[in-house]
Every structure is written in C-alpha cells, then in structure tokens.
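Computed from a prediction, not measured in an experiment: that's the story for all the values here. Count residues from 1 along the sequence.
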Amino acid sequence: MWASLRNIGRNAESGGYRRYAWTGADADCRLWFRMQAEARGLDCEVDRNGNQWAWLGDPLAGDAVVTGSHLDSVPDGGAFDGPLGVVSSFAALDELRHRGVEFNRPLAITNFGDEEGARFGLACVGSRLAAGQLTVEAAHRLRDGDGITLPQAMEAAGYDPDAIGPDPGRLARIGAFVELHVEQGRALDLTGDPVGIASAIWPHGRWRFDFRGEANHAGTTRLADRRDPMLTYAETVLAARREAELAGALATFGKIAVEPNGVNAIPSLVRGWLDSRAADQGTLDTVVAGIERAAREHAERAGIDLDVVRESFTPVVEFEHALRDELGALLKGSDLRDTGRDVPVLGTGAGHDAGILSASVPTAMLFVRNPTGISHSPAEYAAEDDCVAGVIALADVLEGLACR
C-alpha cells in the first residue's frame, strides 16, 4: 500500500507532498482509496461533503465502528500525517480477517476531505461540514490563493457543492470512531513506547494579522519617511515567541503574504497568519491577547493600520473517557505490553478529524511513535516496526469494539 501511494502528489524537488483539496493529486488519492476498498470487497461511497467511506456490513444498521484519517497534506508535508491512519486501517482489517474474527457491528474506513486546510485556510472542512461546525454559507465563501472558491473547486472535481452540509443521520449511526495517527512530537520516543492513546487536543486557532502601510520606492525613500508594515510584522513575530515562552504555549507565524511583493518596493500590506495553541483555554487567550497588544503598540508607533481576524478556532477536546479507558484495557492485555505497563496516555497540540467529530460521536485516537518528533515536513518519519505495532494495536482495538 505504501508503494502504491508513495508518489501521489509528491514534489520532486522538495520530496514533500502537495495533496491539496479538490486537485488532481487529491483525485488520485481518492482513486487509491476506492481501489483499496474494492480490492477488499468493501462498499465504497462518498458522502455529501466529499468524505469517502468504505463499508464492511450494513451502513444503515447503526452502532458502527469507524476508523481512518485523511490523505491530503500541508504544503510539502510528510508521508505519514494522515496516510498512516488510512493505510493502517486497511492493514488492520487485513489482520482481523487473518485472525478469522466475526464482526457483529458494521465497520467503516474513512478518508476525510481537506483535513489540513492547505488550500482554503480552514482545517477539517469535510468533518466540520458533516458535524455542522461549518455552515454552508461560510464554506461557500472559502477561497484559495488564486481566488477560486470552494464550490468552484468541488464542481471542477466533479462534486456537487450545493449538496454540502450537516450530516447528523450519518453520524448518529456511528457508535465509535478511532483515528490512528503518527505522533507529532517525541513523547513516545522518550518513554520508549511504540503506541500511545490520546487524552485530549489542546485548544487552538488561526488568526490573520493585516498590517497596512504605504508602498514606496526602496531606493529613494528615507528610512525616517517610511510607513513599512514589514517592520511591524517582524516585531509581532518576535512578540509571539516571547508570549508563548512566558506562558508555556505555542505561537507560530508560518504563512505570510506581501503586497506589492517587489524586491525594490516598500510593502503596502503585510498579511501574516498566526497559529497558536495551549494546554488550556485561559492560557491560549492570554497568549493571543498579548501578541495582539504588542502588535497594536508597534503599529501605532510606526503609523501602521492593523486588523486582526480570527479565521478558525477549536476549543479543547477531551476524548470520551469511557472509550479511551476501553482502548487502554484492550491494549494492556495485547502483545504490545509485554512489560505489563499501561499504554501511555498523552495530549497533543495538533487538530484532527477525531477532535471535530468528538462533539457528535464517541471518539478516540492512537498515536504511533515518531522518533524525531518532526511533522508537516518531508523529514516526518515512523519506523516500520512501530507502524506494524500501530496496525496490531488498531486491530486489537477494532476486534474488541466490533467483534464482541
């Protein structure tokens, strides 16, 4: 499966993946998913929001056990974030069939659309729409960097943008959703465990900072006469780092747009996107407020106009304790735990479809060890033995949930 997926959407120069929603690479990933499902005799369908489902058993029976993740990527992302969960889901089904188990609940494997938000700037679009956390009107307003709207992109890919919207009936038929994901950190590497269980997802959001100054000639305008928004932006980036360090949180300006974007021109507009995350809501509020306060102070001194817009936000997600504890009990007795220790339970600052669905469906997550902690990069990595351990852990969990 890895071999057949490896080259889809891969950039030859960077070695990273550019699998953006509703592009050719996305279509190839969707075809790959359908072929994997059909090869296993699963019924493959696409819901109204473009999410793919591969079913074993009757989708309408209710109380289904669902697993899966996503296949899209961030710009020049790694091979594991998302795809590891989908590949492992198919492999876990293969393992369960090898064991000869009998299912007494429907089972589905999913590929949620546009999880990373790389094209339209909003993460987890497919699952947000299904869960009613993104309105149709707001979704229709989403645009990519070229001005193409989400409806235009969906229609060009052969999907009906007028059909999108909440899908409560589908979600009501799910009894449990378990997402396997490569760990985006080094907690498991430090404990020496190949697999862990998620406790919660930190609250996190994205804010857009628009710094507006005055365009002018870089070679003729005196420094004292300039209204350069790039300087105020730079001060804000440094302030974000200071605020995050003081609070024990995370703050990152990772995307920027400049107008007129000329080497010999002072910018008229610098637009930067802040990603901030913290272990609790109060800390996150303090960090973002501190960053905005510093930005406004610098902007006022430099004669720069500033607008700050919160583009997305996800509150803290506590995965259902009963399901989380059940996963722990299932895995404690598995071959993974030859030491007799409990499987580690750890929080994460990364958002996931499981976090979005948790408001509607009992959800849980498994993490597979990442020895470097690097993610959203071509250097993202998980050892083959650990990936296999993840498959076995997921199979043990699915057997315990769907085959009792």
Side-chain angles (χ1 to χ4, degrees), residues 14 16 18 20 74-77 116-123 141-148 202-278 283-314 349-351 374-377:
S14 69
R18 301 178 182 181
Y20 308 146
V74 298
D76 288 324
E116 294 290 6
R119 184 173 181 184
F120 297 101
L122 178 66
R141 289 195 298 268
L142 293 175
R143 292 178 179 270
D144 67 10
D146 296 320
I148 298 172
W202 287 8
H204 57 278
R206 298 177 182 181
W207 290 259
R208 191 186 76 235
F209 285 62
D210 292 345
F211 301 89
R212 299 182 187 277
E214 182 178 57
N216 215 326
H217 197 297
T220 62
T221 310
R222 295 191 319 151
L223 294 180
D225 293 337
R226 299 184 180 199
R227 291 178 56 226
D228 186 350
M230 186 65 77
L231 298 179
T232 308
Y233 169 72
E235 294 282 6
T236 304
V237 173
L238 296 175
R241 178 60 178 259
R242 289 193 299 270
E243 293 292 334
E245 286 181 333
L246 287 171
L250 300 170
T252 307
F253 277 97
K255 179 181 178 181
I256 184 173
V258 181
E259 296 178 10
N261 202 30
V263 175
N264 59 350
I266 299 165
S268 61
L269 169 67
V270 175
R271 177 170 286 147
W273 281 265
L274 169 69
D275 179 297
S276 190
R277 306 161 191 246
T283 301
L284 180 62
D285 291 342
T286 298
V287 169
V288 175
I291 296 169
E292 182 174 350
R293 182 171 58 251
R296 294 196 181 282
E297 290 173 355
H298 289 297
E300 184 177 358
R301 285 197 295 268
I304 301 299
D305 297 324
L306 172 62
D307 292 319
V308 179
V309 178
R310 189 179 79 178
E311 291 193 335
S312 68
F313 177 73
T314 303
I374 295 174
S375 187
H376 283 187
S377 159

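The two residues Asp228 and Pro267 make their nearest non-hydrogen contact at OD1-CD, 3.5 Å. Ala240 and Ala251 get closest at one heavy-atom pair: O-CB, 3.7 Å. Closest approach of Ala249 to Ala278, counting heavy atoms only: CB-CB, 3.8 Å. Contact between Asp305 and Arg227 at its shortest, heavy atoms only, is OD2-NH2, 4.1 Å. Residues Arg18 and Ser14 approach most closely at NH2-OG, 4.2 Å, considering heavy atoms.
Rounding to the nearest 0.5 Å places CG of Leu284 at 10.0 Å from CZ of Arg277. Here Ile148 contributes atom CD1 and Arg119 contributes atom CZ; the two are 5.0 Å apart, rounded to the nearest 0.5 Å. Rounding to the nearest 0.5 Å gives a distance of 9.5 Å between CG of Leu142 and CD of Glu311. Remark: Thr236 OG1 to Leu231 CG distance equals 10.5 Å, nearest 0.5 Å. To the nearest 0.5 Å, the span separating CG on Asp210 from CD1 on Ile304 amounts to 12.5 Å.
No side-chain donor-acceptor contact under 3.5 Å links Arg208 to the backbone of Asp307. Between the side chain of Asp144 and the backbone N or O of Asp146 there is at least one donor-acceptor pair closer than 3.5 Å.
Residues passing the ring-ring contact (aromatic ring centres under 6.0 Å, His included) test with Phe253, sequence neighbours excluded: Phe209, Tyr233. By the salt bridge (charged side-chain N to carboxylate O under 4.0 Å, His left out) test, Arg206 is found to be paired with no residue, residues two or more places apart in sequence or in another chain being considered. Shown here are the salt bridge (charged side-chain N to carboxylate O under 4.0 Å, His left out) partners of Glu245, two or more places apart in sequence or in another chain: Arg241. Residues passing the salt bridge (charged side-chain N to carboxylate O under 4.0 Å, His left out) test with Asp225 are Arg222, sequence neighbours excluded. Scanning for side-chain hydrogen bond (donor to acceptor under 3.5 Å, both in side chains) contacts around Ser312 gives an empty result, with sequence neighbours left out. In this structure, Arg242 has no salt bridge (charged side-chain N to carboxylate O under 4.0 Å, His left out) partners at least two apart in sequence or on a different chain.
Here the side chains of Arg226 and Asn216 are not in contact, with every heavy-atom distance at 4.5 Å or above. With a 4.5 Å cut-off on side-chain heavy atoms, Arg212 and Arg271 count as touching. Residues Trp202 and Leu250 are in side-chain contact: their nearest non-hydrogen atoms beyond the backbone lie under 4.5 Å apart.
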Steps toward side chain to side chain donor-acceptor pair (under 3.5 Å) verdict (Glu292, Trp207): CA-CA 10 Å; Glu292 182 174 350; Trp207 290 259; over 6 Å; no

Test log, rule side chain to side chain contact (heavy atoms under 4.5 Å, CB included), inputs Glu116 and His376: CA-CA 10 Å; Glu116 294 290 6; His376 283 187; 3.5 Å; yes

Check against side chain to side chain contact (heavy atoms under 4.5 Å, CB included), Thr232 and Leu306: CA-CA 10 Å; Thr232 308; Leu306 172 62; over 6 Å; no

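Residues Glu300 and Arg296 are not paired through a salt bridge, judged by the lack of any N-O separation under 4.0 Å between the basic side chain and the carboxylate.
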